[in-house]
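Presented below is the structure to which this report refers.
What's counted below: heavy atoms across the whole structure, side chains too, no hydrogens, waters or symmetry copies.
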Amino acid sequence: MTIHSTLKSSIAAILVLGAAGLGIATQAANADALADITKAGTINVGVFADFPPFSSASADMSLKGYDMDVAQYIADTLKVKLNPVAVTGQNRIPYLNDHRVDILMSVGYSKEREQVIDFAAAYAPYYIAVIGPAAMSVKSKEDLADKSIAVNRGTLEDTSLTAAAPASADIKRFDNYNSVIQAFISGQTQLMVVGNDVGAQVLAKQDVLKPEQKFQLLTSPSHIGLNKNEDALKKAVNDAVAKMLADGKLDESSKAWLKTPLNPDNLKD
């Protein structure tokens, strides 16, 4: 074989491999999460397993709560089985990007997150508050100076507190909400930063400590997160949430789990 013919054969082989690679890339670009969910007959939904009243284990060990109501409605709308997947503040976005879950519940919007995931409809009111004993005077972020504060690592509460707290604040980060609450209740920290949902549960149960909401750090409704460029899935999720809002099912879930009627204005960023 001459050098010329060998070169022609090599070029031809490269072109074939290039075409194959382009085909794989095109298939990846055309991947459709909604079609995959429909084909599998299951939607994998990332939820916090210790996030009452949004999602937490019930007596039969199944997850119940506001998030679960919405996730189940979405699954029913798509005519597929709901498979809840327990996630943490640290692993949930990697789980989504790696397609271990199809959507995420209880995702607060931020510009940083928008770089790596997309946001479907806001479906639940949410704000982040500083909570402390009634006897302690804390009225603003300046009053957080020299205070120890518990927060769930890697969450929107964490980033909001980190941005607001003075340099002398002692921020203690934990890996789940139960640990945050226990650190505060046991006196390991003087304050804690949590969402209005978690805070309400603590306020209702601690008669001796008499915790109270001091001030809000951020108001941000909870969205449903999904991977970028999944327009069909995003539309299906948005349509399901819009229907829940229109027929009163979101209001029913709010009354059942958040103990208050749903104010649609609280779903606006």
Side-chain angles (χ1 to χ4, degrees), residues 45-48 50-56 63-77 89 103-111 113-114 117-132 134 138-141 151-152 155-161 163-164 177 180-181 192-206 211-226 234-269:
V45 180
V47 294
F48 290 122
D50 63 339
F51 195 35
F54 281 105
S55 51
S56 60
L63 292 176
K64 304 290 185 184
Y66 189 103
D67 276 5
M68 300 308 300
D69 286 356
V70 177
Q72 187 64 63
Y73 191 92
I74 292 171
D76 291 345
T77 299
I103 61 174
L104 293 173
M105 308 303 292
S106 287
V107 184
Y109 172 82
S110 72
K111 291 182 179 179
R113 285 178 177 163
E114 193 177 35
I117 67 171
D118 199 1
F119 292 85
Y123 69 98
Y126 185 77
Y127 60 80
I128 295 168
V130 175
I131 292 178
V138 176
K139 298 180 180 179
S140 68
K141 61 183 182 181
V151 70
N152 192 356
T155 61
L156 191 59
E157 294 100 309
D158 188 357
T159 55
S160 299
L161 174 60
Y177 289 104
V180 170
I181 293 169
M192 71 174 183
V193 169
V194 293
N196 56 303
D197 48 331
V198 178
Q201 306 238 346
V202 175
L203 298 180
K205 296 179 179 179
Q206 295 299 316
E212 64 181 13
Q213 179 180 308
K214 299 299 185 179
F215 64 95
Q216 291 185 23
L217 281 175
L218 177 73
T219 299
S220 175
S222 292
H223 288 258
I224 295 170
L226 67 162
K234 183 175 181 178
K235 182 180 185 303
V237 170
N238 286 343
D239 288 349
V241 171
K243 192 169 187 303
M244 287 191 78
L245 183 61
D247 64 16
K249 290 192 178 298
L250 275 184
D251 184 56
E252 290 176 12
S253 289
S254 181
K255 290 174 180 176
W257 298 106
L258 306 182
K259 307 305 180 184
T260 184
L262 179 69
N263 181 353
D265 288 340
N266 287 334
L267 299 183
K268 299 176 182 177
D269 284 301

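With salt bridges taken as basic N to acidic carboxylate O contacts below 4.0 Å, one links Lys235 and Asp239.
Not one N or O on the side chain of Ser55 forms a donor-acceptor pair closer than 3.5 Å with the backbone of Met68. Not one N or O on the side chain of Asp251 forms a donor-acceptor pair closer than 3.5 Å with the backbone of Pro261. With hydrogens and angles ignored, the 3.5 Å screen pairs no side-chain donor or acceptor of Ser253 with any backbone N or O of Leu250. Not one N or O on the side chain of Tyr66 forms a donor-acceptor pair closer than 3.5 Å with the backbone of Ala256.
Nearest heavy atoms, Ser222 versus Tyr126: OG-CB, 3.6 Å. Shown here for Asp247 and Met244, the closest heavy-atom pair between the two residues is OD1-O, 3.0 Å. Closest of all the heavy-atom pairs between Phe215 and Lys141 is CZ-N, 3.4 Å.
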Verify side-chain contact (heavy atoms from CB on, under 4.5 Å) between Val130 and Leu217, making sure each step is shown before the conclusion.
CA-CA 7 Å; Val130 175; Leu217 281 175; 4.0 Å; yes

Check the pair Phe54 / Leu258 against side-chain contact (heavy atoms from CB on, under 4.5 Å), numbers first and verdict last.
CA-CA 8 Å; Phe54 281 105; Leu258 306 182; 4.2 Å; yes

Could you give me the CA-CA distance, side-chain angles and deciding distance for Val70 and Met105, then say whether side-chain contact (heavy atoms from CB on, under 4.5 Å) is met?
CA-CA 9 Å; Val70 177; Met105 308 303 292; 3.8 Å; yes

The test is side-chain contact (heavy atoms from CB on, under 4.5 Å); show your working for Asp67 and Tyr123 and say whether it passes.
CA-CA 9 Å; Asp67 276 5; Tyr123 69 98; 2.6 Å; yes

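Here Lys249 contributes atom NZ and Gln72 contributes atom CD; the two are 12.0 Å apart, rounded to the nearest 0.5 Å. Annotation: the span from Gln216 atom CD to Ser160 atom OG amounts to 11.5 Å, rounded to 0.5 Å. Distance CG/Asn152 to CG/Asp50: 7.5 Å, rounded to 0.5 Å. Interatomic distance, Thr159 OG1 to Leu218 CG, rounded to the nearest 0.5 Å: 8.0 Å. The structure places CG of Asp118 at 10.5 Å from NE2 of His223, a figure rounded to the nearest 0.5 Å. The OG atom of Ser254 sits 11.0 Å away from the CG atom of Asp69 when rounded to the nearest 0.5 Å.
For Ala120, the side chain to side chain contact (heavy atoms under 4.5 Å, CB included) test picks out Ile224, Leu226, Lys234, Val237, Asn238, with sequence neighbours left out. With sequence neighbours excluded, the residues forming a salt bridge (Lys or Arg N to Asp or Glu O under 4.0 Å) with Asp158 are Arg173, listed by chain and number. Partners of Asp76 according to the salt bridge (Lys or Arg N to Asp or Glu O under 4.0 Å) rule, which considers only residues two or more places apart in sequence or in another chain, do not exist here.
At least one side-chain heavy atom of Arg113 sits less than 4.5 Å from a side-chain heavy atom of Leu156. Here the side chains of Ile128 and Val193 are in contact, with some heavy-atom distance below 4.5 Å. When side chains are defined from C-beta on, Leu267 does not count as touching Val241, because their heavy atoms never get closer than 4.5 Å. Side-chain contact between Pro125 and Leu262: present, with at least one pair of heavy atoms (C-beta onward) separated by less than 4.5 Å.
Taking the six-membered ring where tryptophan is involved, the planes of Phe48 and Phe51 are perpendicular, since the angle between them exceeds 60° and thus also 30°.
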